[in-house]
Amino acid sequence: MGSDDFQPIQGMSDLAPPAIRRWQKLEAQARIVLHRYGYEEIRTPVLEKLSVFERSIGDTTDIVQKEMYVLEDRGGRKLALRPEGTAGVMRFVAGHGQDFQDGRLYYIAPMFRCERPQAGRKRQFHQLGAEAIGTPNARVDAEMIAMQVHLLHDWGLEGASIRLNTRGEPADHAAVQQGFRDLLRPLAGRLCEDCRRRMETNVLRVLDCKQEGCREVVKDLPPVTSFMSEASRAYLKDVCAVLDKLEIAYVLDPGLVRGLDYYRHTVWELTHPALGAQDAISGGGRYGLKMGNREIEGVGFAMGLERVMTALESRHLDDTGEPGTLVWLVTLGDELLDENLELAQTLRMRGIACRMDLVGRSMKAQMRAAGRAGATHVVIRGASEAEKGVYQLKTMADGVQREVTLPDLMEILAAGA
RNA sequence: GUGGGUGUAGCUCAGUAGGUUAGAGCGCCAGGUUGUGGCCCUGGAGGUCGCGGAUUCGAGUUCCGUCACUCACCCCA
């Protein structure tokens with residue numbers, strides 16, 4: 001273990017080999033799917049003005065109040081490490097006039113929240129998110145959900161389930177809150193301590209409480225939609241209809257609450273049973289964000305990639321890495337190291353992966369290293385080969401070795417690569 | 001922010017009622033084969049016992065603090 005000096009700070013971790021390979025593969029697969037739906041990547045800064053988040057996420061939310069890494073630059077400007085990806089993208093869109101009015105953008109990027117770490121919750125974590133800019137449209141919402149299902153499918157992750165709900169139009173929010181408060185106040189005695197607090201701070205969370213007593217109370221409450229306008233109910237129905245048409249399985253869950261203030265209409269969450277307490281793999285919804293004097297509307301989602309990873313691990317779907325041709329060049333005699341390095345370069349320039357030992361170790365050591373690295377071929381070149389102008393080519397799988405000339409060597413290896 | 005569990009070699013872990021040079025397996029390095037990997041045998045390197053303090057003749061072992069990991073609450077992807 002050693003000293004703290006070599007550990008990253010709390011809740012953050014190094015992403016290094018060999019695990020990084022699985023990340024690269026996951027991301028590569030995701031990009032293919034996203035491009036197929038017409039999404040293009042956007043990379044916004046990790047650091048933004050604090051106000052970008054305060055205004056969009058909601059300055060009373062926990063994320064803004066106590067989970068953000070807030071700092072000042074040398075000019076005393078208040079900045080924050082992004083706790084989520086949507087705000088930055090919307091800031092970008094708002095600053096580009098008509099250009100991205102119906103933009104489809106995605107990001108794969110680190111996010112930061114200074115929370116107490118636990119399973120599925122790091123302080124620096126990675127999200128894959130997508131945003132479809134534009135006014136409310138049930139088909140866009142449904143397609144966005146379909147795209148997430150598609151991502152999970154291509155990753156080989158099964159067993160996730162979709163919960164769907166609506167927050168209604170902005171005008172509905174107050175009515176919903178007031179409606180539930182009025183119904184719950186007389187029943188406060190049956191609620192847990194947290195829920196009595198939540199009644200005032202965030203009533204909808206009461207619907208989500210895990211406590212036995214609270215669930216008893218909640219199950220007799222009317223659905224959220226009963227406090228909403230006819231238009232809001234119709235919008236949800238439309239989304240459901242499209243999802244049904246696309247044969248996407250989902251569960252309508254009136255208890256589903258999303259944490260950020262900017263959501264309106266459709267909200268959803270994908271959970272996976274392998275995950276433990278933090279079981280949301282992805283969350284999304286339709287939103288409207290005020291950026292300066294503009295309001296940007298759209299629909300989007302964010303997936304927690306660490307969570308996707310652990311869900312994949314639980315399913316034993318670890319990739320084995322692609323074999324491909326790997327040549328290990330064994331040198332006998334230090335005086336040949338330079339010439340052999342030149343050969344290695346030649347092979348690499350021709351698209352053949354080639355590794356070699358550069359410090360002049362014993363042949364046994366070099367062979368061991370080749371085996372460990374998963375080399376498919378070993379090329380041996382020592383004094384006698386150099387003298388005759390030939391190469392010993394050994395196939396590792398069957399141990400067969402033969403003497404070849406340079407043109408033959410190139411041809412055989414290039415064919416395999 | 002609150003609570004539980006954990007912290008001994010690169011990794012997984014043993015370390016008995018506090019007692020002298022802290023162990024194993026795996027991995028790593030080397031030798032057994034004057035130029036040949038995977039198996040086997042032999043040897044070797046590698047440890048501020050998370051960190052700091054206290055008690056004691058003596059602490060990996062007890063106590064306090066601290067840092068980190070981990071799980072849960074809160075909150076959320």
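Proteins get letters first, then strands, A, B, ... in listed order; numbering begins at 1 in each.
- Between the side chain of A:T395 and the main chain of A:A397, no donor-acceptor pair closer than 3.5 Å is present.
- Nucleotides B:U6 and B:G25 are separated by 27 Å at their P atoms, to the nearest Å.
- For the P atoms, the distance from B:A22 to B:C51 is 16 Å, rounded to whole Å.
- Atom OH in A:Y391 sits roughly 19 Å away from atom C1' in B:U36 (whole-Å rounding).
- With rounding to whole Å, A:H377 atom NE2 is found 19 Å from B:G37 atom P.
- Of the residues in residues 396-411 of chain A, A:M396, A:G399, A:Q401 come within less than 4.0 Å of RNA chain B through at least one heavy atom, sorted by number.
- A side-chain donor-acceptor contact under 3.5 Å links A:E131 and A:T86.
- As judged by a 4.0 angstrom heavy-atom cut-off over every strand, A:A383 is placed among residues making no nucleic acid contact.
- Between B:C69 and A:Q10, a contact under 4.0 Å exists linking OP1 or OP2 to a side-chain N or O.
- Of the possible polar contacts, none joining the A:Q127 side chain to the A:L305 backbone as a donor-acceptor pair under 3.5 Å is found.
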Going through the distances and angles, do A:S232 and A:D172 end up as a side-chain hydrogen bond (donor to acceptor under 3.5 Å, both in side chains)?
-> CA-CA 8 Å; A:S232 292; A:D172 294 331; 2.4 Å; yes
May I have the step-by-step check of salt bridge (charged side-chain N to carboxylate O under 4.0 Å, His left out) for A:R381 and A:E339, ending in yes or no?
-> CA-CA 10 Å; A:R381 182 166 181 269; A:E339 283 179 25; 2.7 Å; yes
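- Rounded to whole Å, the distance from CZ on A:R368 to C1' on B:G27 is 12 Å.
- The base-pairing partner of B:C73, taking Watson-Crick or G-U wobble contacts with both distances under 3.5 Å, is B:G1.
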Where along nucleotides 72-77 of chain B does protein come under 4.0 Å, by heavy atom, of base (B) or sugar-phosphate alone (S), with - for untouched nucleotides?
-> BBBBBB
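- Heavy atoms of other residues, nucleotides or ligands lying less than 6.0 angstrom from CZ of A:R215 number 12 at most.
- Taking atom C1' in both B:C64 and B:U56, one finds a spacing of 16 Å when rounded to whole Å.
- Between the CD atom of A:Q7 and the P atom of B:U66 there is a distance of 18 Å, rounded to whole Å.
- The same atom, P, is picked in B:A68 and in B:G32; the two are 50 Å apart, to the nearest Å.
- Across the strands present, B:A24 finds its partner in B:U12; the criterion is a Watson-Crick or G-U wobble pair with both atom distances under 3.5 angstrom.
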What's the verdict on ring pair (Phe, Tyr, Trp, His ring centres under 6.0 Å) for A:F112 and A:F125, showing C-alpha distance, side-chain angles and the deciding distance?
-> CA-CA 6 Å; A:F112 304 83; A:F125 58 103; 8.0 Å; no
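- One atom, CD1 of A:I9, and another, C1' of B:C67, lie 13 Å apart when rounded to the nearest Å.
- The nearest whole Å value for the distance from the NZ atom in A:K364 to the C1' atom in B:C40 is 11 Å.
- Nucleic acid contact for A:E193: none, since no nucleic acid atom lies under 4.0 Å from a heavy atom of the residue.
- The separation of B:C41 from B:G4, taken at their P atoms, amounts to 48 Å, rounded to a whole angstrom.
- B:C49 and B:U61 have their P atoms separated by 9 Å, given to the nearest Å.
- In this structure, A:M367 atom CE and B:U36 atom C1' are separated by 5 Å, rounded to whole Å.
- With a cut-off of 3.5 Å on both pairing distances, the Watson-Crick or G-U wobble partner of B:G65 is B:C51.
- Between the P atoms of B:U70 and B:C76, the separation comes to 22 Å (whole Å).
- Open room surrounds NE2 on A:H153; 12 or fewer heavy atoms of other groups in view lie less than 6.0 Å from it.
- You'll find the ring centres of A:Y106 and A:Y39 outside the 6.0 Å limit.
- Here A:G11 lies in heavy-atom contact (under 4.0 Å) with sugar-phosphate atoms only.
- Between the side chains of A:D244 and A:Y250, a donor-acceptor pair is found at a separation under 3.5 Å.
- Distance CG (A:D14) to P (B:C69): 11 Å, rounded to an integer number of Å.
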Step-by-step side-chain hydrogen bond (donor to acceptor under 3.5 Å, both in side chains) determination, A:D408 to A:Y391 = CA-CA 10 Å; A:D408 288 346; A:Y391 303 81; over 6 Å; no
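- When Watson-Crick and G-U wobble pairs are counted only if both distances are under 3.5 Å, B:G60 pairs with no nucleotide at all.
- Judged by distance alone with a 3.5 Å cut-off, a donor-acceptor contact links the side chain of A:K394 to the base of B:U36.
- Across all strands shown, B:A30 pairs with B:U42; the Watson-Crick or G-U wobble distances both stay below 3.5 Å.
- Nucleotides B:G19 and B:U42 have their P atoms positioned 32 Å apart, rounded to a whole Å.
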